[in-house]
Amino acid sequence: MTITEALPATDTTPDALSAAAETATTNGSAIGHDVAMDKAEAPSATADFRPVPVWFFAFEGLMGASFDILKAHPDGWMVIAACAAVNMVLAATVLRPRLKMAKAMLKGKRTRKIALGLIALRLGMHVVLGAIGMHATSGWAHLAFAVGMCAATVGLLAFDQRVMLRALCAEQAATAGR
């Protein structure tokens with residue numbers, strides 16, 4: 001019996017994983033035991049850093065797109081202010097356990113590089129469009145920039161989080177192996 005047969009797909013608590021490891025060992029599956037023990041140790045090893053949901057990065061993307069939103073719709077500041085308030089409330093309540101991960105990301109070099117890269121992308125695009133005579137002056141052009149900047153911000157922050165979590169897991173595995 002393998003670990004997948006011993007453990008239901010939805011039950012991944014450490015107790016259930018340990019029980020599945022015992023079941024797999026009893027039935028003669030040493031590989032299943034190793035897999036179950038690795039999975040059982042994973043939640044406690046990364047308990048300090050819980051990932052921030054990707055949908056939360058949409059608020060950061062909105063802040064990155066706010067310039068173009070305000071250029072397209074000058075009254076859009078009310079929506080941006082309301083979203084900023086929702087962002088703060090969610091960060092203080094629902095996402096409180098994940099703030100450690102968010103703070104670690106904000107202190108990282110990659111996050112600063114992403115922020116500077118997005119600023120350079122915005123300025124570069126405006127310079128290139130201006131050089132070829134296609135200035136972004138219409139509302140639709142600014143909305144297109146806003147969507148592009150928001151998508152780039154969300155994608156890059158999600159990638160940065162994934163890279164950071166992999167690095168933390170590798171670091172914790174190296175310290176556990178000593």
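More than 12 heavy atoms of other residues, nucleotides or ligands shown are found within 6.0 angstrom of CE on Met78. The number of heavy-atom neighbours closer than 6.0 Å to CH2 of Trp55, taken from other residues, nucleotides and ligands shown, is above 12.
In the hydrophobic cluster analysis, where Ile, Leu, Val, Met, Phe, Trp and Tyr join through side-chain heavy atoms closer than 4.5 angstrom, Leu70 is grouped apart from Met125. Linking Ile, Leu, Val, Met, Phe, Trp and Tyr whenever their side-chain heavy atoms come within less than 4.5 Å leaves Leu123 and Met149 in two separate clusters. Under the 4.5 Å side-chain contact rule for hydrophobic residues, Phe145 and Trp140 do not share a cluster. In the hydrophobic cluster analysis, where Ile, Leu, Val, Met, Phe, Trp and Tyr join through side-chain heavy atoms closer than 4.5 angstrom, Phe59 is grouped together with Phe57. Side-chain heavy atoms closer than 4.5 Å link hydrophobic residues (I, L, V, M, F, W, Y) into clusters, and following such links, even through other members, never connects Val79 to Val147.
Put simply, the side chain of Phe159 does not reach to within 4.5 Å of the side chain of Ile114, judged on heavy atoms. Within the 4.5 Å cutoff, the side chain of Leu62 has heavy atoms near those of the Ile69 side chain.
The two residues Ala141 and Ser138 come nearest to each other via the heavy atoms N-OG, 3.1 Å. Taking all atoms of both residues into account, the shortest heavy-atom contact from His135 to Gly130 is CE1-CA, 3.3 Å. When all heavy atoms of Gly139 and Ala72 are compared, the pair lying nearest together is O-CB, 3.5 Å. Nearest approach of Pro53 to Arg98, heavy atoms of both residues: CD-CD, 3.7 Å. The nearest pair of heavy atoms linking Ala65 to Ala146 is CB-O, 3.2 Å. For the residue pair Pro97 and Arg50, the shortest heavy atom distance occurs at CB-NH1, 3.3 Å.
Relative ring orientation between His142 and Phe67 is described as perpendicular, the plane-to-plane angle rising above 60° on a 0-90° scale split at 30° and 60°.
Between the side chain of Gln161 and the backbone N or O of Val52, at least one donor-acceptor pair lies under 3.5 Å.
Under the side chain to side chain contact (heavy atoms under 4.5 Å, CB included) criterion, Thr153 pairs with Glu60, Leu118, Leu157, sequence neighbours left out. Residues meeting the side chain to side chain contact (heavy atoms under 4.5 Å, CB included) test with Ala91, sequence neighbours left out: Phe56, Leu99.
How far OG1 of Thr93 is from CG of Leu95: 7.0 Å, rounded to the nearest 0.5 Å.
The salt bridge (Lys or Arg N to Asp or Glu O under 4.0 Å) test with Asp160 is passed by exactly one of Arg166, Arg112, Lys113, Arg110: Arg110.
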- Message: Would Met63 and Ile80 count as a side chain to side chain contact (heavy atoms under 4.5 Å, CB included) here? Give the steps.
- Response: CA-CA 8 Å; Met63 294 303 126; Ile80 293 171; 3.9 Å; yes
